Colleague: 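If you scroll down you'll find the structure; I have some questions about it.
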Amino acid sequence: MVKEEGFVKQITPKSEDFSRWYVELIRRAELADYAPLKGMMVIRPYGYSIWENIQRLLDQRIKASGHQNAYFPLFIPESFLKKETEHLQGFSPEVAWVTQGGQEELEERLAVRPTSEAIIGYMYSKWIRSWRDLPVLINQWANIVRWEKVTRPFLRTTEFLWQEGHTAHETREEAEEETRLILEMYREFVETELAIPVIAGRKTEREKFAGAMETYSIEGLMSDGRALQMGTSHNLGQHFSRVFNIRFEDRQQQLQYVWQTSWGVSTRLVGALVMTHGDDSGLKFPPQVAPIQVVIVPISLGNWKEKVLPQAQKISSLLREQEMRVYLDAREEFTPGWKFSEWEMRGVPLRLEIGPRDVQNNQVVLVRRDNREKITVPLSEVVAKVHQVLTEIQKNLFHLAGQFQQENTCQTEDYQEFKEIIETKRGFLKAYWCGQTTCEEKIKEETQATIRVIPFGQPEGVATHKCLRCGAKAQWLVYFAKAY
RNA sequence: CGGGGAGUAGCGCAGCUUGGUUAGCGCGCCUGCCUUGGGAGCAGGAGGUCAUCGGUUCAAAUCCGGUCUCCCCGACCA
């Protein structure tokens with residue numbers, strides 16, 4: 001174990017200033033850089049690679065559950081957006097408009113999609129005629145524009161990348177089932193691949209998606225004690241089908257409006273990875289989504305190019321044959337020590353060192369990013385061992401994040417104590433709530449904490465408790481937190 | 001969108017109060033030698049429309065105004 005200090009220079013320690021640490025790290029690790037436009041960023045190759053891994057792993061799940069990918073237009077005519085007033089009102093402050101094409105003023109303004117319910121709803125009304133056409137299970141990978149006032153790299157940018165699923169069903173029950181199934185898919189995905197434990201549940205009326213009947217979400221707890229919404233799944237009911245006239249003839253030959261859902265996760269997940277796992281030395285990526293899973297650093301001593309490098313290259317190909325993402329850092333202009341620090345900062349889960357001594361002894365040295373443990377491994381066992389250690393790191397990161405979440409989740413029935421905890425420790429706060437929006441809003445005003453989620457699996461006897469703020473009969477046990 | 005802070009070499013900063021030769025420093029970068037198992041050393045070198053536009057002045061990084069961008073704290077959101 002080596003002291004953290006001195007490993008990474010020029011990055012503000014996480015404990016000292018979390019926000020600075022976050023933005024400095026993202027730029028130094030080359031995940032992203034600011035574009036010369038307000039609130040816009042460039043996702044650089046190293047950062048985009050994470051998104052590609054997220055896409056690949058999530059896309060597999062989306063397709064395995066019967067959905068297909070498609071692509072809808074970037075622009076939405078204003079009249080389409082206006083049809084659903086609740087939806088429009090929810091988004092209007094953050095819609096970007098196109099008013100001119102070439103030299104000509106457009107007759108109708110075009111919205112740059114803030115989400116695609118409207119245009120997809122319109123298309124569905126053309127495609128759906130009979131119950132035999134249902135369900136429609138479509139997903140699109142796309143970019144979205146929301147004119148946000150306050151932006152932060154990955155967490156909230158004016159343009160971002162996401163996946164949005166839009167489905168249409170015969171019955172309310174089927175739509176509800178889809179909504180819940182997708183939320184569960186998100187939970188499993190985020191916990192398995194990103195190693196981030198989340199709380200799944202239902203959103204309150206106030207936090208619901210504009211135009212939705214129900215919104216479900218998964219919420220993670222970042223290591224500064226603030227909550228981050230990491231994925232949402234909406235049961236849209238018949239709101240949009242009534243507005244866009246998406247009707248079908250049911251099994252009893254009756255005309256019905258379809259029941260719809262929509263759901264998405266975004267490039268925000270990359271920010272969640274940074275904030276959940278990173279430390280003072282830099283990033284710490286779970287192997288499943290790490291751009292580079294193993295970095296091989298040959299120790300450049302003496303005639304290392306003849307003795308050490310070939311061995312390193314051989315190991316590199318062996319690991320690549322196993323579909324591992326490997327980078328052999330044979331650059332001569334940097335010393336091994338420099339490379340160690342650099343790759344730690346950039347979050348590579350496992351480093352493989354090989355020097356003259358190791359070649360002599362037919363071995364390599366593995367060093368874990370998560371706990372800095374050094375493991376000497378005989379050459380013959382390298383592939384198996386690397387595989388095993390990567391699996392352990394993935395598990396360990398999830399375990400550590402889970403521990404953090406537990407340690408930072410409190411429950412209280414005392415409003416004064418609630419305020420203190422939110423003020424000092426932050427984290428998740430479980431508390432009873434009467435179900436009234438007015439109470440929810442007052443708590444937000446007074447403490448800045450919002451109800452992140454009404455978790456599934458409510459405990460017995462909630463009604464015997466009192467609302468945290470008003471003292472009325474409790475309806476739910478909910479998770480409060482300061483949120484991003 | 002309100003309140004506060006900032007923009008000088010790739011990065012981190014000094015210089016600005018009190019305008020005046022050639023705008024500095026550390027790291028990084030380039031060349032060479034030498035090194036390399038936790039961010040090596042020496043020597044030489046390159047790199048700047050001082051965010052941007054305008055104003056004041058004989059003279060502006062420095063003074064005044066507009067704009068853009070970033071950071072922090074609030075109201076809104078993936």
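These numbers come from a predicted model, not from an experiment.
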Colleague: With P as the reference atom in both, quote the distance from B/A40 to B/U62 in angstrom, rounded to an integer.
Modeller: 39 Å

Colleague: What's the closest nucleotide to the side chain of A/V150 if the choices are B/G37, B/A78, B/C1?
Modeller: B/C1

Colleague: B/G54 and B/A60: how far apart are their C1' atoms, nearest whole angstrom?
Modeller: 13 Å

Colleague: Regarding A/V297, tell me which of base, sugar-phosphate or nothing describes its non-hydrogen contacts under 4.0 Å with the strands shown.
Modeller: nothing

Colleague: Starting at CZ of A/F18 and ending at C1' of B/C71, how long is that distance when rounded to a whole Å?
Modeller: 15 Å

Colleague: Quick one: A/W147 CH2 to B/C1 P, roughly how many Å, whole number?
Modeller: 11 Å

Colleague: Is a side-chain donor-acceptor pair under 3.5 Å present for A/T261 with A/T167?
Modeller: yes

Colleague: Which of these passes salt bridge (Lys or Arg N to Asp or Glu O under 4.0 Å) with A/K203: A/E214, A/E440, A/E219?
Modeller: A/E219

Colleague: State the pairing partner of B/G74; accept Watson-Crick or G-U wobble contacts with both distances under 3.5 Å, and report none otherwise.
Modeller: B/C1

Colleague: When we call it a touch if two heavy atoms are under 4.0 Å apart, what does A/R357 touch: a base, just sugar-phosphate, or nothing?
Modeller: base

Colleague: Begin with the C-alpha distance, continue with both residues' side-chain angles, and end with the deciding distance and a verdict on ring-ring contact (aromatic ring centres under 6.0 Å, His included) for A/H234 and A/Y216.
Modeller: CA-CA 6 Å; A/H234 316 289; A/Y216 300 99; 9.1 Å; no

Colleague: If I pick the P atom on B/G3 and the same atom on B/C13, what distance separates them, to the nearest angstrom?
Modeller: 26 Å

Colleague: Select base, sugar-phosphate, or nothing to describe what A/S266 touches, counting heavy atoms under 4.0 Å on all strands.
Modeller: base

Colleague: Enumerate, atom names and distances included, each donor-acceptor pair closer than 3.5 Å involving a side-chain atom of residues 31-47 of chain A, sequence neighbours excluded.
Modeller:
{"residue": "A/D33", "atom": "OD1", "partner": "A/R27", "partner atom": "NE", "Å": "3.1"}
{"residue": "A/D33", "atom": "OD1", "partner": "A/R27", "partner atom": "NH2", "Å": "3.0"}
{"residue": "A/Y46", "atom": "OH", "partner": "A/R346", "partner atom": "O", "Å": "2.5"}

Colleague: Watson-Crick or G-U wobble partner for B/A6, using a 3.5 Å limit on both distances?
Modeller: B/U69

Colleague: Rounded to whole Å, how long is the line connecting atom CZ of A/F209 with atom P of B/C76?
Modeller: 18 Å

Colleague: In whole Å, measure the gap between the C1' atoms of B/G7 and B/A51 for me.
Modeller: 6 Å

Colleague: Starting at CG of A/D224 and ending at C1' of B/C72, how long is that distance when rounded to a whole Å?
Modeller: 14 Å

Colleague: Starting at the 5' end of RNA chain B, which residue's closest nucleotide do you reach first, A/F334 or A/E445?
Modeller: A/F334

Colleague: Test A/I315 against every option in A/L379, A/V386, A/L328, A/V383 by the side-chain contact (heavy atoms from CB on, under 4.5 Å) rule and name the one that passes.
Modeller: A/L379

Colleague: Under a 3.5 Å distance rule, please check whether A/R452 uses its side chain to pair with a backbone N or O of A/L228 as donor and acceptor.
Modeller: no

Colleague: Reckon A/R152 has a side-chain N or O less than 4.0 Å from the OP1 or OP2 of B/C72?
Modeller: yes

Colleague: When the C1' atoms of B/A46 and B/C29 are considered, how many whole Å apart are they?
Modeller: 8 Å

Colleague: Would you indicate what A/E332 reaches in the nucleic acid, counting non-hydrogen atoms under 4.0 angstrom: base, sugar-phosphate, or nothing?
Modeller: nothing

Colleague: With a 4.0 Å heavy-atom cut-off, tell me which residues in residues 31-39 of chain A come close to RNA chain B, sorted by residue number.
Modeller: A/Y34, A/L37, A/K38, A/G39

Colleague: What's the gap between B/G45 and B/U8 when it is taken at their P atoms, as a whole Å value?
Modeller: 27 Å

Colleague: Roughly how far apart, to the nearest Å, are B/G26 and B/C63 at atom C1'?
Modeller: 30 Å

Colleague: Sort out the partner of B/A60 for me: Watson-Crick or G-U wobble, both distances under 3.5 Å, none otherwise.
Modeller: none

Colleague: Rounded to whole angstrom units, what separation is found between the CD atom of A/E342 and the C1' atom of B/C27?
Modeller: 14 Å

Colleague: Over all strands shown, is A/E353 touching base, sugar-phosphate only, or nothing at heavy-atom distances under 4.0 angstrom?
Modeller: base

Colleague: Ignoring the backbone of A/R146, work out which of B/C76, B/A78, B/A75 is nearest its side chain.
Modeller: B/A78

Colleague: Pick base, sugar-phosphate or nothing for A/F154, based on heavy-atom distances below 4.0 Å to the nucleic acid.
Modeller: base

Colleague: Rounding to a whole Å, what distance do you find between A/W21:CH2 and B/C71:C1'?
Modeller: 17 Å

Colleague: Side chain to side chain donor-acceptor pair (under 3.5 Å) for A/N69 and A/D59? Distances and angles first, verdict last.
Modeller: CA-CA 9 Å; A/N69 286 334; A/D59 199 57; 2.9 Å; yes

Colleague: Considering all heavy atoms of both residues, which atom of A/A330 and which atom of A/W304 are nearest to each other, and what is their separation?
Modeller: O-CH2, 3.8 Å

Colleague: Return the nucleotide paired to B/U18: Watson-Crick means purine N1 to pyrimidine N3 with N6-O4 or O6-N4, wobble means G-U with N1-O2 and O6-N3, both under 3.5 Å.
Modeller: none

Colleague: On RNA chain B, does the nearest nucleotide to A/T335 precede the nearest nucleotide to A/R20 from the 5' side, or the other way round? Give the residue.
Modeller: A/R20

Colleague: Under 4.0 angstrom, heavy atoms only, what part of the nucleic acid is A/T157 near: base, sugar-phosphate, or nothing?
Modeller: base

Colleague: Considering every strand and a 4.0 Å limit on heavy-atom distances, what is the contact class for A/D17: base, sugar-phosphate, or nothing?
Modeller: nothing

Colleague: Applying the side-chain hydrogen bond (donor to acceptor under 3.5 Å, both in side chains) criterion to A/S223, which one of A/Q405, A/K14, A/H277 satisfies it?
Modeller: A/K14

Colleague: Counting only Watson-Crick pairs (N1-N3 plus N6-O4 or O6-N4) and G-U wobbles (N1-O2, O6-N3), all under 3.5 Å, who is the partner of B/G41?
Modeller: B/C33

Colleague: Which one, B/G37, B/G74, B/A78, comes nearest to the side chain of A/F160?
Modeller: B/A78

Colleague: Below 4.0 angstrom from OP1 or OP2 of B/C71, is there any side-chain N or O of A/S19?
Modeller: no

Colleague: Using a 4.0 Å heavy-atom cut-off, does A/V265 contact any base of the nucleic acid, only the sugar-phosphate backbone, or nothing at all?
Modeller: nothing

Colleague: Please report, rounded to the nearest Å, how far the P atom of B/G2 is from the NZ atom of A/K149.
Modeller: 9 Å

Colleague: I'd like the P distance from B/G66 over to B/G5, given in whole Å.
Modeller: 15 Å

Colleague: Please name all residues satisfying side chain to side chain contact (heavy atoms under 4.5 Å, CB included) with A/E188, sequence neighbours left out, ordered by chain then number.
Modeller: A/R61, A/E184, A/T192

Colleague: Taking any strand in view, what nucleotide pairs with B/G48 in a Watson-Crick or G-U wobble way, both distances under 3.5 Å?
Modeller: none

Colleague: Mind checking A/G355 for me? I need base, sugar-phosphate or nothing, with any heavy atom below 4.0 Å counting as a touch.
Modeller: base

Colleague: Does A/P93 reach a base, just sugar-phosphate, or nothing at all? Heavy atoms under 4.0 Å.
Modeller: nothing

Colleague: List the steps and the verdict of ring-ring contact (aromatic ring centres under 6.0 Å, His included) for A/H166 and A/F72.
Modeller: CA-CA 11 Å; A/H166 295 269; A/F72 294 85; 7.3 Å; no

Colleague: Does A/S300 get its side chain close enough to the base of B/U36, under 3.5 Å, for a donor-acceptor pair?
Modeller: yes

Colleague: For A/I26 and B/C11, give me the distance from atom CD1 to atom C1', rounded to whole Å.
Modeller: 17 Å

Colleague: Would you indicate what A/I144 reaches in the nucleic acid, counting non-hydrogen atoms under 4.0 angstrom: base, sugar-phosphate, or nothing?
Modeller: nothing

